[in-house]
2 protein chains.
Amino acid sequence: MAGRPQERSRTIADVAARAGVSLSTVSRVINGTAKVDEALAAKVRAAADELEYTASPLARSLVLGRTNTVAVVVPDLENPTFHGVLRGLSRAAARDGYHVLVADSAESVEEERILAVETRRRCDGIVLCAPRMPEEDLRRLLRQLDPVVLVNREARGSSAPAVTADYRSGLTDLLELLRADGHRRLLYLAGAPQSSSNFQRLAALRDFGVLHPEVAVEVTPCGVNFADGHDAVDRVLASGATGVLGFNDLVAMGLMSGLGERGLRVPDDLSVTGFDDIPFARYLTPPLTTASVPVAELGEQAWHRMAELLGSRTPGHTILFRPRLEQRGTTGPAPASPGARP
Amino acid sequence: MAGRPQERSRTIADVAARAGVSLSTVSRVINGTAKVDEALAAKVRAAADELEYTASPLARSLVLGRTNTVAVVVPDLENPTFHGVLRGLSRAAARDGYHVLVADSAESVEEERILAVETRRRCDGIVLCAPRMPEEDLRRLLRQLDPVVLVNREARGSSAPAVTADYRSGLTDLLELLRADGHRRLLYLAGAPQSSSNFQRLAALRDFGVLHPEVAVEVTPCGVNFADGHDAVDRVLASGATGVLGFNDLVAMGLMSGLGERGLRVPDDLSVTGFDDIPFARYLTPPLTTASVPVAELGEQAWHRMAELLGSRTPGHTILFRPRLEQRGTTGPAPASPGARP
DNA sequence: ATGAAAGCGCTAACAT
DNA sequence: ATGTTAGCGCTTTCAT
């Protein structure tokens with residue numbers, strides 16, 4: 001004798017009727033917002049249980065002006081970094097009873113703005129990953145989106161808190177490592193030219209150039225994916241560099257794969273570094289030397305900043321994770337005779 | 001003379017007042033639901049533009065009984081399979097003007113049920129990935145969740161459409177490949193014992209055992225992660241198998257890493273296969289032989305099934321993607337003397 | 001073709 | 001302590 005599925009879910013009025021009380025009393029009992037006689041309260045709870053009542057989040061949101069939802073806007077759900085951020089954020093938010101909406105702008109900077117604004121209307125705040133948006137556009141957008149937390153970049157002139165990694169110091173560590181290993185010709189495979197984190201890496205390169213004029217550092221545009229790294233192999237070989245810094249782990253892996261196809265050995269012929277320390281990095285053969293960025297923690301901290309904003313507590317400060325150098329198997333002493341290659 | 005940020009967003013009443021018309025007229029113009037005099041319509045549009053008005057999705061949802069949102073519930077956002085599903089789903093849904101909510105049950109089967117039911121109230125339908133939920137519980141849950149689309153498993157006795165890969169045939173392909181390469185002792189590293197896709201793989205094992213009694217096939221519990229595969233290396237060596245089938249690519253990679261540490265070579269000493277064909281699989285050294293599952297398409301098709309359900313069109317049929325065998329570098333002829341190992 | 005008014009399900013004054 | 005009522009912002013009868 002299975003009952004047919006309930007056509008429409010129960011409303012607070014059903015519960016009130018069944019318990020023989022007013023709507024407000026039900027509301028008060030459910031939310032514990034005011035004192036209600038224990039006998040009545042019990043009746044209400046019983047009625048609610050019997051009807052399997054739960055309040056409509058929609059109706060509550062409308063009247064409370066609060067959705068208990070935040071959205072995370074990312075340029076590309078394919079990127080391992082955003083997986084981590086999303087995971088960290090989603091779990092942290094869930095612990096505080098918040099839901100998360102995810103919006104993927106599919107790499108389009110145009111879309112990103114529209115998407116963020118539209119999405120904003122369905123939630124209480126935005127966690128924004130917009131690495132390539134020009135800073136001026138970003139500032140304007142941030143005002144529309146408020147409250148908003150930035151991930152992986154900052155915005156000068158805005159009070160929006162950011163949660164990011166210190167890409168500059170991470171790359172500096174990698175550069176110093178290669179220098180200490182005797183490398184004197186280095187090549188950086190650049191990521192998206194407009195992106196904030198690429199910019200920071202270039203800054204590290206400049207600092208390094210000033211500090212160590214004896215080391216030649218070149219830059220070549222490359223990209224952010226495995227395929228980009230793979231395709232860069234010719235330029236890498238032509239450069240004569242003995243140490244190559246990939247924009248990220250994916251690029252480094254792609255390069256290593258291409259190098260392997262050419263019969264070159266890492267780190268014997270060439271040292272290679274990545275960036276991010278994605279889960280597989282340590283398991284490559286050889287394991288990838290990289291700068292480790294705690295992506296899930298980035299997401300978690302992004303939530304904490306957001307929670308502060310939502311609770312109108314003191315706006316949290318921007319927080320920077322310093323990447324940790326992971327010296328593994330793809331870097332080693334510079335080869336004695338860099339020219340001597342197959 | 002920058003205006004201060006608008007405190008509250010504009011309502012339809014603001015637009016009506018500014019255009020000198022009634023609320024209904026504004027609504028009709030905005031939604032194109034009825035004929036409105038062109039002159040009036042123009043005034044409304046102008047007013048809406050000037051006020052940067054967009055209707056509150058919340059209020060619309062409440063009155064329309066439709067949120068234009070679907071949720072995807074996954075057991076673990078860390079799993080590469082779900083990344084793909086989420087990506088495919090999110091983009092496909094976005095094309096149809098739908099938003100996506102993501103809920104991560106953090107592996108807890110208990111939570112999963114509560115989470116799904118709770119999340120369901122905030123959206124129009126659920127895309128459910130619940131590989132380990134007992135089938136009876138699942139059936140009950142499906143009724144509460146309706147409409148719902150299942151990913152990566154089916155539920156007998158329920159009309160909920162499913163989108164999944166045919167894990168059984170995928171594993172069969174892998175088994176046949178190893179057999180053709182002369183392997184006569186095989187070992188399967190099992191995933192989560194309760195999981196549907198593990199179950200299907202075991203079915204393939206049984207079929208294969210019947211068909212090819214000359215091949216010995218063992219099963220050992222292992223897991224679903226890199227670390228699980230890595231930790232299985234002792235059991236693998238003890239088994240005397242010359243061909244090992246990892247539950248998935250992660251497990252296979254972990255195993256290969258462990259094998260490497262022991263000085264064993266793949267595929268010379270041992271053949272290894274994965275499952276899924278995650279993005280890195282082809283780039284490992286050697287590239288991983290695996291059964292390719294198009295995860296993003298799984299997500300995309302899940303959306304299409306959901307869209308059918310939401311449009312109350314004929315409920316879509318369950319759809320099965322047949323994994324494609326990717327014969328790459330980790331499999332090869334069985335070694336002449338399987339016992340002769342370091 | 002347009003407007004007035006009811007109502008989606010809920011909360012929070014405001015009464016009592 | 002409990003009930004009555006207004007109202008969140010919108011769509012949709014129902015009149016005109």
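Excluded from the calculations below are hydrogen atoms, water molecules and symmetry mates; all remaining heavy atoms, backbone and side chain alike, are included. Below, chain A is the first sequence line, B the second, and so on; all start at residue 1.
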Review point. D/dT2 phosphate, OP1 or OP2: any side-chain N/O from A/S24 under 4.0 angstrom?
Key: no
Check your understanding: Does a nitrogen or oxygen in the side chain of B/T11 sit under 4.0 Å from OP1 or OP2 of D/dG9?
Key -> no
Check your understanding: Side-chain contact, heavy-atom cut-off 4.5 Å: B/L58 with B/S61?
Key -> no
Point to revise | Along DNA chain C (nearest heavy atom to each residue), the more 5'-positioned of B/A34 and B/A59 | key: B/A34
**Study point:** Nearest-neighbour nucleotide for the A/I12 side chain, D/dC8, C/dT11, D/dC10 considered
**Key:** C/dT11
Point to revise | B/R10 CZ to D/dC8 C1', straight-line distance once rounded to whole Å | key: 17 Å
Practice item. Please name the residue in the list B/E78, B/R87, B/H83 that meets the side chain to side chain donor-acceptor pair (under 3.5 Å) test with A/H83. Key: B/H83
Check your understanding: Please give, in whole Å, the distance from D/dT2 P to A/N31 CG?
Key -> 16 Å
Practice item. Provide, to the nearest angstrom, the distance between the CZ atom belonging to B/R66 and the P atom belonging to D/dC10. Key: 15 Å
Review point. Are A/S108 and A/S105 linked by a side-chain donor-acceptor pair shorter than 3.5 Å?
Key: no
Exercise for review: To the nearest Å, give me how far apart CG (A/L23) and P (D/dA1) are.
Suggested key: 20 Å
Practice item. May I ask you to test the B/V293-B/T81 pair for a side-chain heavy-atom distance under 4.5 Å? Key: no
**Study point:** B/S27 vs D/dT11: side-chain N/O to OP1/OP2 distance below 4.0 Å
**Key:** yes
Review point. Between D/dG3, C/dT2, D/dT11, which nucleotide gets closest to the side-chain atoms of B/R28?
Key: C/dT2
Point to revise | Atom pair distance, as rounded to whole Å: CZ in A/R60 and C1' in D/dG7 | key: 16 Å
Check your understanding: Using a cut-off of 4.0 Å on non-hydrogen atoms, how would the nucleic acid contact of A/L64 be classed: base, sugar-phosphate, or nothing?
Key -> sugar-phosphate
Exercise for review: Figure out the CD/P separation between B/E38 and C/dA1, and round it to whole Å.
Suggested key: 13 Å
Review point. NA contact type, A/T25, heavy-atom cut-off 4.0 Å: base, sugar-phosphate, or nothing?
Key: sugar-phosphate
Practice item. Using only side-chain N and O atoms of A/S56, determine if any of them is under 4.0 Å from OP1 or OP2 of C/dG9. Key: no
Practice item. Using atom CG of A/D37 as one end and atom P of D/dG3 as the other, report the distance to the nearest whole Å. Key: 11 Å
Point to revise | Gap between atoms CG and P, on A/L58 and D/dT11 respectively (whole Å) | key: 13 Å
Review point. How would you label the contact of B/V63 with the nucleic acid (heavy atoms, under 4.0 Å): base, sugar-phosphate, or nothing?
Key: base
Point to revise | Contact check, side chains of B/V73 and B/I126, non-hydrogen atoms, under 4.5 Å | key: yes
